[in-house]
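Just so it is clear, the model here is predicted, and its values are computed rather than measured. In the text below, chain A, chain B and the rest are named by the order of the sequence lines, each starting its count at 1. Computed from heavy atoms alone, side chains included, the values below leave out hydrogens, waters and symmetry copies.
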There are 2 protein chains.
Amino acid sequence: MEYLDAKEKFISTWGSLGSLWGINKAMAQIQALLFISTKPLSMEDIMEDLKISRGNTSMNLRQLMDWGIVTKVLVSGERKEFFTTEKDVQELAKIVAKERSRREIKPVIKVLEEVSTIKDDGTEKTKELIKQTKALKAITNDLDTLMNKLVDQKQNWLTKSVFKLMK
Amino acid sequence: MEYLDAKEKFISTWGSLGSLWGINKAMAQIQALLFISTKPLSMEDIMEDLKISRGNTSMNLRQLMDWGIVTKVLVSGERKEFFTTEKDVQELAKIVAKERSRREIKPVIKVLEEVSTIKDDGTEKTKELIKQTKALKAITNDLDTLMNKLVDQKQNWLTKSVFKLMK
DNA sequence: TTAAACTTTCAATAATTATTGAAAGTTTAT
DNA sequence: ATAAACTTTCAATAATTATTGAAAGTTTAA
């Protein structure tokens, strides 16, 4: 496989995986492109490479910056803006986990909390609702906590030993 | 909050969270409804409660069965089919993690593997592509493995002690 | 067997989500 | 101040995804 094929395959695969980490296709593809680029890219570069419009590029770059995944860099002697992405996968995973937790999981936990604390009127269906939403809340919480700690502390002694034990 | 409000809130929240675990809204809502129901429900029951069409109900129930989350149950004296979902959140999480891994993560790892093993032609951009896709493959692999083991073995001594240490 | 009860399929349609492109906005150099 | 270089915004449009409903298919009871 040649470089160009490999690059295209990587970008389109990563793009379609976007849904897994909660972002849209263009966003994921821009990030992928920056991720394998050896230098910062301008909006022109990105539009041209991915064949997407200026507006689309602008909006998705903004979102990537909101996530904290992409940053503007100043290239001396250049008027236009250049962009680069976090290159360390560890850091990337950490940011993604934190943002998804904040944007999606935490709000759900809040609703489960509300629902699971309704007044028990003694009926079977109310008891079941309370019981099941409590259980769901507990596991959602646990997995959320664990995921965050793991990506956060992947380097440290604890996780290293966990990994070893799990092999 | 009354039972009906709580129920509605739970179903719609869980439904919109569907994207997080990779299924569509109707699918998630049907699962949510079954999850808090005290007895198996028929297709009629589900259509009526969620106000969705027969076709939609049929297709999404089928998908839930493909995932292994929902099963048909025979209710004696009844001609129509009844459905129920896995009620144990632990088991549920286990199934979801396994299925997502199989359907989405494993195929991506395969592509990353392919891309990261292209011939190194010595150019900087090829080196970068190889390096970054390798890194991405490694972390995707690790998190996939870890997630599966965790939900699989949540009960056991290892995870219990990890949780304790992380508190 | 047959007809009623029930489920599945799938083409048509609706709803949602992503994308475009051009006008408006901003910044910078002179 | 102004005009060129660049970015953002957003209404219109396209693409994608979900949903419907009715016809076709299946099962069961008599």
Participant: If you find the nucleotide of DNA chain C closest to B:K25 and the one closest to A:K51, which residue's nucleotide is nearer the 5' end?
Facilitator: B:K25

Participant: Compare the minimum distances between each of C:dA18, D:dT19, C:dT7 and the side chain of B:A26, then state the nucleotide with the smallest one.
Facilitator: D:dT19

Participant: When you measure from the side chain of A:T126 to the backbone of A:G122, do you find a donor-acceptor pair of N or O atoms at a distance under 3.5 Å?
Facilitator: no

Participant: Just how far, in rounded Å, is P of C:dT17 from CG of A:N60?
Facilitator: 15 Å

Participant: Rounding to an integer number of Å, can you tell me how far B:N56 CG sits from C:dT16 P?
Facilitator: 13 Å

Participant: Provide, to the nearest angstrom, the distance between the CD1 atom belonging to B:I52 and the P atom belonging to D:dA18.
Facilitator: 13 Å

Participant: Is it the case that A:N56 and A:S53 place a side-chain donor and acceptor less than 3.5 Å from each other?
Facilitator: no

Participant: Taking atom types as modelled and ignoring hydrogens, do the side chains of A:K25 and A:S16 form a donor-acceptor contact shorter than 3.5 angstrom?
Facilitator: no

Participant: When you look at A:K131 and A:D120, which way does the salt bridge (charged side-chain N to carboxylate O under 4.0 Å, His left out) test go after all the steps?
Facilitator: CA-CA 10 Å; A:K131 178 179 147 214; A:D120 184 350; over 6 Å; no

Participant: I need the CZ-P distance between A:F83 and D:dC6, as an integer number of Å.
Facilitator: 13 Å

Participant: Only Watson-Crick and G-U wobble pairs, only distances under 3.5 Å, only runs of 3 or more: what stems does that leave for DNA chain C?
Facilitator: C:1-30 with D:1-30

Participant: Rounded to whole Å, how long is the line connecting atom CE of B:M27 with atom P of D:dT17?
Facilitator: 16 Å

Participant: Please report the distance, rounded to the nearest Å, between CD1 in A:I30 and P in D:dT7.
Facilitator: 13 Å

Participant: Quick one: do A:E44 and A:R54 make a salt bridge, cutoff under 4.0 Å?
Facilitator: yes

Participant: A:S53 has a side chain; which of D:dT7, C:dT7, C:dT20 sits nearest to it?
Facilitator: C:dT20

Participant: More than 12 non-hydrogen atoms from neighbouring residues, nucleotides or ligands closer than 6.0 Å to CD on B:E124, yes or no?
Facilitator: no

Participant: Take the protein atom CE of A:M59 and the nucleotide atom P of D:dT7, then report the distance between them rounded to whole Å.
Facilitator: 16 Å

Participant: Among residues at least two apart in sequence or on other chains, which ones pass side-chain contact (heavy atoms from CB on, under 4.5 Å) with A:E8?
Facilitator: none

Participant: Using a strict threshold of under 4.0 Å (side-chain N to carboxylate O), is an ion pair present between A:D121 and A:K127?
Facilitator: no

Participant: Tell me: CG of B:L61 to P of C:dC6, nearest whole Å?
Facilitator: 16 Å

Participant: Look at the side-chain N and O atoms of A:R62 and state whether any lies under 4.0 Å from the OP1 or OP2 oxygen of D:dT9.
Facilitator: yes

Participant: If a protein heavy atom is under 4.0 Å from the base, mark B; if only from the sugar-phosphate, S; if neither, -; do that for nucleotides 22-30 of chain D going 5' to 3'.
Facilitator: -----BB--

Participant: Tell me whether B:E86 contacts the main-chain N or O of B:D88 through its side chain, where contact means a donor paired with an acceptor under 3.5 Å.
Facilitator: yes

Participant: Kindly point out which of D:dT20, C:dT7, C:dT20 is positioned nearest to the side chain of B:M43?
Facilitator: C:dT7

